[in-house]
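What follows is a set of notes on a single structure, which appears directly below.
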Amino acid sequence: MEIKNSIALVTGSNRGLGKSLVAALANAGCKKIYAAARQTYSIELPDTEVEIFPLKLDVTKQETLKEAAEIASDIQIIFNNAGVLEFGEILETPEQNLRNIFETNFFGKLSVAKNFASVLEANGGGTIVNTLTLLSLASMPGFAAYNASKAAAWSMSLSLRASLKPKNIQVVNAFPGAIDTDMLSGLEINKTSPDHVAQEILHAVQNNQEDVFPDLMSKQVYEAWCQDHKAVEKNFASM
Ligand SMILES: NC(=O)c1ccc[n+]([C@@H]2O[C@H](COP(=O)([O-])OP(=O)(O)OC[C@H]3O[C@@H](n4cnc5c(N)ncnc54)[C@H](OP(=O)(O)O)[C@@H]3O)[C@@H](O)[C@H]2O)c1
């Protein structure tokens, strides 16, 4: 899908990858960008000529989803980016915490797609980009709730892809490795800059790729997973 002159919306655009996606979209010549966030005062707009419209959107709150879909009725691409992470092993994670993570990473993503699919359809079709993670493919025990929510989100996204194809809506799945944002600020591991990841995701959208592994870590792990997914499962399980 052509990004130049398109109209896009990014959820969780006030920091991290979402903020980088807004800047990358502006650089790529988007006509208009809805920068969505739970708190609009937290959105820092990049220095650009492109029209950027701050939009209140909490992906777990139906009333803000409905309002946002009414306001952003001209969009063609949506970056379903907002997400949350909590550390902890599966038997030690309280059930309520698991439910809270699913509320954002699974139901939130699904609600965004549900509320905006008819908008995209009315605009002749478009693209939904779901930000998943390498941990959708295999679980690391210390991220138990996150793994589960993102694996479920991947499955949901595949169903969405099939259901929305006849409406000329493409679903792109992004599977980043570690990104240098607040989400992993406590972990001393190699991380890719969110600007790089955002560029790679836009490149995939431009080139009509269905799945994108937008950094070196994700590309290497995906290659290994294609060759021997049980070896990746065992390797991640030991981390
Ligand atoms: N960082 C990584 O290593 C990594 C790797 C793979 C995939 N990802 C995925 O990439 C996406 C962006 O993550 P990030 O690294 O940029 O993390 P981040 O810096 O923690 O940013 C998360 C963003 O999501 C927003 N958000 C959380 N709950 C929300 C809700 N209910 N409604 C609307 N917005 C909400 C946050 O808004 P507030 O400021 O209001 O909290 C924030 O803008 C996530 O889906 C994440 O799972 C990240």
Side-chain angles (χ1 to χ4, degrees), residues 9-24 34-44 54-68 72 78-87 97 99-113 115-116 128-140 142-143 145-154 156-157 172-198 200-201 211-219 221-222 236 239:
L9 185 152
V10 181
T11 68
S13 72
N14 54 317
R15 57 193 174 95
L17 180 59
K19 189 175 173 186
S20 292
L21 282 167
V22 170
Y34 292 93
R38 288 196 271 205
Q39 308 289 350
T40 46
Y41 66 77
S42 64
I43 301 169
E44 282 173 47
L55 188 65
K56 186 171 175 62
L57 175 54
D58 182 327
V59 301
T60 65
K61 301 257 178 340
Q62 289 304 322
E63 61 282 7
T64 70
L65 281 155
K66 204 164 167 290
E67 264 173 39
I78 183 154
F79 292 84
N80 209 348
N81 164 74
V84 289
L85 176 145
E86 182 181 303
F87 298 104
N97 299 31
R99 290 183 187 280
N100 291 345
I101 294 232
F102 267 75
E103 204 54 51
T104 304
N105 293 353
F106 178 82
F107 290 107
K109 276 198 177 4
L110 177 58
S111 295
V112 168
N115 279 274
F116 283 94
I128 299 176
V129 181
N130 285 325
T131 311
L132 304 169
T133 157
L134 262 190
L135 299 178
S136 301
L137 272 61
S139 294
M140 283 187 195
F143 298 81
Y146 184 74
N147 299 326
S149 67
K150 292 282 188 168
W154 181 21
M156 176 272 287
S157 194
V172 176
N173 286 331
F175 299 86
I179 315 174
D180 194 6
T181 65
D182 295 344
M183 188 168 271
L184 288 188
S185 61
L187 280 190
E188 295 299 321
I189 53 169
N190 279 339
K191 297 174 203 166
T192 305
S193 79
D195 288 350
H196 176 85
V197 173
E200 291 267 320
I201 293 175
D211 298 311
V212 49
F213 293 84
D215 54 90
L216 188 61
M217 179 190 284
S218 61
K219 284 184 203 330
V221 172
Y222 180 57
F236 277 22
M239 287 184 182

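Count residues from 1 along the sequence. Whatever order the structure lists them in is the order used to number ligands and atoms, beginning at 1.
With contacts defined as side-chain heavy-atom distances shorter than 4.5 Å, the pair F116/N80 does not qualify. Considering only heavy atoms from C-beta on, E103 comes within 4.5 Å of T60 through its side chain. L137 places a side-chain heavy atom less than 4.5 Å from the side chain of W154.
Of the candidates A82, S149, A37, the one placing a heavy atom closest to atom 35 (C) of ligand 1 is A82. Closest to atom 12 (C) of ligand 1 by heavy atom, among N81, V84, T133, is N81.
For ligand 1, the atoms closer than 4.0 angstrom to any heavy atom of K150 are 44 (C), 45 (O), 46 (C), 47 (O). When each atom of ligand 1 is checked for a heavy atom of G177 under 4.0 Å away, the hits are 3 (O), 5 (C), 6 (C). Every atom of ligand 1 is numbered from 1 in the order shown, and the set under 4.0 Å from a heavy atom of G16 is 16 (O), 19 (O). Within ligand 1, counting atoms from 1 as listed, the ones closer than 4.0 Å to a heavy atom of D182 are 19 (O). Proximity to T131 (heavy-atom distance under 4.0 Å) selects the following atoms of ligand 1: 9 (C), 10 (O), 11 (C), 45 (O). Remark: ligand 1 atoms within the under-4.0 Å shell around heavy atoms of T104 are 28 (N). Counting atoms of ligand 1 from 1 in the listed order, those under 4.0 Å from a heavy atom of G12 are 25 (C), 43 (O). Taking a cut-off of under 4.0 Å to the non-hydrogen atoms of T60, the atoms of ligand 1 that pass are 31 (N).
The shell of residues lying under 4.0 angstrom from ligand 1, judged by heavy atoms, excludes E103. In this structure, F175 falls outside the shell of residues with a heavy atom less than 4.0 angstrom from ligand 1. Residue contacts with ligand 1 include R15, since one or more of its heavy atoms lies under 4.0 Å from the ligand. Ligand 1 lies less than 4.0 angstrom from a heavy atom belonging to L132.
Counting protein heavy atoms only, atom 37 (O) of ligand 1 is closest to N14 OD1, 3.6 Å. For atom 24 (O) of ligand 1, the nearest non-hydrogen atom of the protein is G83 N, 3.3 Å. Given atom 3 (O) of ligand 1, the protein heavy atom at minimum distance is I179 N, 2.7 Å. Nearest protein heavy-atom contact of atom 8 (N) of ligand 1 is Y146 OH, 3.5 Å.
Backbone and side-chain nitrogen or oxygen atoms of S13 are examined, and none is located within less than 3.5 angstrom of a nitrogen or oxygen of ligand 1. At under 3.5 Å, not a single nitrogen or oxygen of G18, backbone or side chain, sits near a nitrogen or oxygen of ligand 1. For the pair L184 and ligand 1, the shortest N or O to N or O distance does not fall below 3.5 Å. Between L17 and ligand 1, at least one pair of N/O atoms sits closer than 3.5 Å. Note: no N/O pair closer than 3.5 Å links A178 and ligand 1 by distance alone.
When heavy-atom distances to ligand 1 are checked against a 4.0 Å cut-off, L57 comes that close only through its backbone atoms N, CA, C and O. Residue contacts with ligand 1 for K61 are absent, since no atom lies close enough (heavy atoms, distance under 4.0 Å).
In this structure, the side chain of K19 does not engage the main chain of D195 through any donor-acceptor pair within 3.5 Å.
In E44, the CD atom is not crowded: 12 or fewer heavy atoms of neighbouring residues, nucleotides or ligands sit closer than 6.0 Å.
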Under 3.5 Å donor-acceptor pairs involving side-chain atoms of residues 178-185, not counting sequence neighbours:
from	atom 1	to	atom 2	distance (Å)
T181	OG1	M183	N	3.3
D182	OD2	R15	NH1	3.0
S185	OG	D182	O	3.1

